[in-house]
Structures are given as structure tokens and as C-alpha cells.
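Residues: numbered from 1 along the sequence shown.
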Amino acid sequence: MSKERARRRAEREAERARAAQVNEERQARRARRRALLARLTPRPVRFYRQGGLIARRHRAQNVVAGAGFLIVQAIVWLIWGSLPVSLAVLVFSLLLAPVVMTLAFDRRT
């Protein structure tokens, strides 16, 4: 009877060892696959906001310039209401925006 129990115990242990081996191989394959995928996928570019005085001043200037741009577009739309005139003022404003930013905020490089 004890020989039979020892044989069954040995079979169970052998089965557990095979299952553990299969599990380890599966986990190793998963780890290799994850590592390969991590190498192949591009990492997202993160933009961090700078908090210095100059950066805050430039943000405020950009907000003022953007608000002025929108106000000009709204006024043109309300006064003329014509699509060709509004598009012409839009193109003119886009071309003139860098000049205004340079003159108004002294942004020379």
C-alpha cells in the first residue's frame, strides 16, 4: 500500500513539475513579447509647461494676441457679413499676425 502511495505521489509531483515548467515557459514568452512590443511602440512625447517669468509673460502675450485676432474676425463678420470679405481679412490677419506680435511685444530673435 505505501509503495502505491509513493508512486502516486511521485506521479503528482512529476505532473506539478511539468505544469510549472509549462507555466514558466509561457511567462517567459509573454515577457519576451512585452519587451519586444515595448521596444517597437513609440513613446509619447510629453510637453511640459515652463513656469518661469518669461514663459508666463509669453503665454499672456499669446492670449492677448489670440483674443485680438478673434475680436477682429468677429467685428469683420458682424460689420460686413460677407464670406469673401471675411476670408480676405482672415488671410490678411494670418499674414499680419507675426508682424504685430513682433512690433507689439518686442519679440526679436
Carefully, step by step, assess V89 and W77 under the rule side chain to side chain contact (heavy atoms under 4.5 Å, CB included). CA-CA 9 Å; V89 171; W77 182 261; over 6 Å; no
Apply salt bridge (Lys or Arg N to Asp or Glu O under 4.0 Å) to residues R18 and E15 and explain how you reach the verdict. CA-CA 5 Å; R18 280 192 294 268; E15 182 62 34; 2.9 Å; yes
Can I71 be reached from F69 by stepping across I, L, V, M, F, W or Y side chains whose heavy atoms are under 4.5 Å apart? no
V72 with I79, same ILVMFWY side-chain cluster at under 4.5 Å: yes
I need the [X] [atom1] to [Y] [atom2] distance, nearest 0.5 Å.
{"X": "F92", "Y": "L87", "atom1": "CZ", "atom2": "CG", "result": "15.0 Å"}
{"X": "L96", "Y": "M101", "atom1": "CG", "atom2": "CE", "result": "12.0 Å"}
{"X": "N62", "Y": "F105", "atom1": "CG", "atom2": "CZ", "result": "8.0 Å"}
{"X": "E4", "Y": "R9", "atom1": "CD", "atom2": "CZ", "result": "11.5 Å"}
{"X": "L70", "Y": "I75", "atom1": "CG", "atom2": "CD1", "result": "11.0 Å"}

Given side chain to side chain contact (heavy atoms under 4.5 Å, CB included), test R32 with L36 step by step and report yes or no. CA-CA 6 Å; R32 285 193 305 269; L36 177 66; over 6 Å; no
Closest heavy-atom pair and its distance - Q73, S86: OE1-O, 4.1 Å
Quick check: do R34 and L37 have side-chain heavy atoms less than 4.5 Å from each other? no
Side chain to side chain donor-acceptor pair (under 3.5 Å) test vs E25 passes for just one of Q21, Q27, R29, namely Q21
